[in-house]
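I have placed the structure first, in the form of structure tokens, so that the comments after it can refer back to it.
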Amino acid sequence: MTVFLVLIVIALFAVAIWQMSKIYALSKGNSQGDNGEVANGKDNRINAKLMVMFMVFLYFLMFYCFWHYSKFYLPEASSAHGSKYDNLMFISIALIMVVQVITQFLLHFFAYKYKGEKGKRALFYADNDKLEFIWTIIPVIVLAGLIIYGLFTWSDIMNFEEDEDALVVELYAQRFNWKARYAGDDNILGDANVRFIEGINQLGIDPSDTDGSDDVVTTELHLPVGRQVVFKLRSQDVLHSAYMPHFRAQMNVVPGMITQFSFTPTVTTEEIRETDYMQEKMRTIQQIRNEKSKVLVAKGEPALDSYDEFDYYLLCNKICGKSHYNMQMKIIVETQEEYDEWIKGQKTFAQSMTE
């Protein structure tokens, strides 16, 4: 490795010497460019045309990327607040693209129009108050409007009011898995502390707190559609981030403190599976898995499992360790009746400790 770095340094030093020699030779040439190093009218015309060609290529590449990679967009949000989030994102993208199209056009157009020509002298402005005012006040107004709109959107999403029937769920992060703790019949989470972690009590629930006796700990997250869910987030070890992309929800999970987030699911797991977007997505993924399975079978290895059902997932969006990629928990959005039936079949914390 050391030898490789030395070779790179020597190569860069040689390039620097070569460039310095060219600069020295250019400084010795006359103003008419007899040494061939100074651009002439033909060179300027060629470069002006190349600028226009590059502008066309840039626009083509931009529109192609929008068209080709649009299939990787997430589907419509599955939460009540998700449309506000998406609107903010698309407005930001639209503003950026309008500015990009206009400024790139002006940059390349003026490079072509005002290319160097013999006898043409550039018009020099020491200053122009009107132009400076225009290109200063327009970005100020646009950015101020975007920031204010973003602050109102953020406030609407984050400063929520808890409904009377809101479901309280704790998401507990530990390398490298998630656990969910439901507040039980009283809808109050019991106290918890890492000092109580022992044996089956992996979340450190305080056994002496009666509010925690009916809490339910699961490794799968079930949410009733159309009902507000208030998430309380704790981390056992390092900084994690609870990321639920289809619900447009993300919140850091910080050791030593409780963070919270809330949203209302609007699309059940069964409903999103039936959408055209998800049907096409599942077919595409299955096709990719079939191709990979052929390679694996040819090597004598087992084929991949089929992918015929989409599921929501809770992911970790922080690089929290070597098994970070595997830190995920399935989310099932269902009707209130289905949720009630599922939660009745789960053991409470008191029952688990007794057993």
Side-chain angles (χ1 to χ4, degrees), residues 8 11-12 15-16 18-20 22-23 25-27 29 31-77 83 85-147 149-150 153 245 248 276-277 280-281 283-285 287-288 291:
I8 291 178
L12 292 175
V15 170
W18 176 55
Q19 291 294 332
M20 291 174 63
K22 290 181 63 177
I23 294 172
L26 181 62
S27 66
S31 61
Q32 301 300 319
D34 293 341
N35 58 4
E37 296 289 347
V38 178
N40 52 34
K42 180 180 178 181
D43 295 330
N44 291 331
R45 289 191 295 273
I46 292 175
N47 280 285
K49 293 177 181 178
L50 287 174
M51 289 291 281
V52 174
M53 292 171 61
F54 182 77
M55 179 184 69
V56 174
F57 169 74
L58 183 67
Y59 285 158
F60 169 79
L61 184 63
M62 177 183 67
F63 290 116
Y64 172 79
C65 288
F66 269 102
W67 169 77
H68 181 70
Y69 293 106
S70 61
K71 60 186 177 183
F72 296 109
Y73 287 167
L74 287 170
E76 291 185 12
S83 59
Y85 179 97
D86 288 343
N87 288 339
L88 179 60
M89 185 187 72
F90 287 126
I91 290 174
S92 300
I93 291 176
L95 287 174
I96 292 171
M97 293 313 302
V98 168
V99 173
Q100 197 274 133
V101 168
I102 294 174
T103 55
Q104 289 297 322
F105 172 78
L106 293 176
L107 171 66
H108 294 85
F109 173 74
F110 287 142
Y112 175 81
K113 182 177 180 180
Y114 299 108
K115 56 185 176 292
E117 294 179 349
K118 187 175 182 180
K120 181 187 289 186
R121 294 179 62 85
L123 181 61
F124 175 74
Y125 277 99
D127 57 71
N128 189 314
D129 295 338
K130 183 181 293 185
L131 283 177
E132 292 176 4
F133 177 80
I134 291 173
W135 69 51
T136 300
I137 197 64
I138 291 178
V140 167
I141 294 174
V142 172
L143 288 176
L146 187 61
I147 292 171
Y149 175 57
T153 302
R248 310 301 192 265
D276 293 337
Y277 173 93
E280 178 63 27
K281 179 74 71 175
R283 283 193 294 268
T284 302
I285 294 175
Q287 184 178 357
I288 295 172
E291 295 297 325

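Owing to the predicted nature of the structure, the values given are computational and were not obtained by experimental measurement.
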Requested in this report: Return the minimal non-hydrogen interatomic distance between Pro75 and Tyr277, and the atom names on each side.
Outcome: CD-CE2, 3.4 Å
Query raised in the report: How many angstroms lie between CG in Leu61 and CZ in Phe66, if you round to the nearest 0.5 Å?
Result: 11.0 Å
Requested in this report: Could you grab the distance from atom CE of Met53 to atom CE of Met55, nearest 0.5 Å is fine?
Outcome: 11.5 Å
**Report entry** Over 12 foreign heavy atoms within 6.0 Å of CG, Asn128
**Finding:** yes
Report task. Could you list the residues that satisfy side-chain hydrogen bond (donor to acceptor under 3.5 Å, both in side chains) with Arg283, not counting sequence neighbours? Result -> Glu280
Requested in this report: Could you tell me whether the side chain of Asp127 reaches within less than 4.5 Å of the side chain of Glu132, counting heavy atoms only?
Outcome: yes
Report task. Enter the distance from Trp67:CH2 to Tyr69:OH here, rounded to the nearest 0.5 Å. Result -> 11.0 Å
**Report entry** From Lys71 atom NZ to Lys281 atom NZ, the distance as rounded to the nearest 0.5 Å
**Finding:** 8.5 Å
Query raised in the report: When you look at CD of Glu76, are more than 12 heavy atoms from neighbouring residues, nucleotides or ligands closer to it than 6.0 Å?
Result: no
Query raised in the report: With Gln287, which residues qualify under side-chain hydrogen bond (donor to acceptor under 3.5 Å, both in side chains), at least two apart?
Result: none
Requested in this report: Can you measure from CG (Leu131) to OG1 (Thr136) and round to the nearest 0.5 angstrom?
Outcome: 10.0 Å
For residues 85-111, which side-chain donor-acceptor pairs fall under 3.5 Å, sequence neighbours excluded?
{"unit_1": "Asp86", "atom_1": "OD1", "unit_2": "Arg248", "atom_2": "NE", "d": "2.8"}
{"unit_1": "Asp86", "atom_1": "OD2", "unit_2": "Arg248", "atom_2": "NE", "d": "3.4"}
{"unit_1": "Asp86", "atom_1": "OD2", "unit_2": "Arg248", "atom_2": "NH2", "d": "3.1"}
{"unit_1": "Asn87", "atom_1": "ND2", "unit_2": "Ser83", "atom_2": "O", "d": "3.2"}
{"unit_1": "Ser92", "atom_1": "OG", "unit_2": "Leu88", "atom_2": "O", "d": "2.9"}
{"unit_1": "Thr103", "atom_1": "OG1", "unit_2": "Val99", "atom_2": "O", "d": "2.7"}
{"unit_1": "Thr103", "atom_1": "OG1", "unit_2": "Gln100", "atom_2": "O", "d": "3.3"}
{"unit_1": "His108", "atom_1": "ND1", "unit_2": "Gln104", "atom_2": "O", "d": "2.7"}

Query - Atom OH of Tyr73 with >12 non-hydrogen neighbours under 6.0 angstrom - result: yes
Query raised in the report: Hey, what's the ring geometry for Phe57 with Phe54, parallel, tilted or perpendicular (30° and 60° as the breaks)?
Result: tilted
Query raised in the report: Which class fits the ring pair Tyr59 and Phe63: parallel under 30°, tilted 30 to 60°, perpendicular over 60°?
Result: tilted
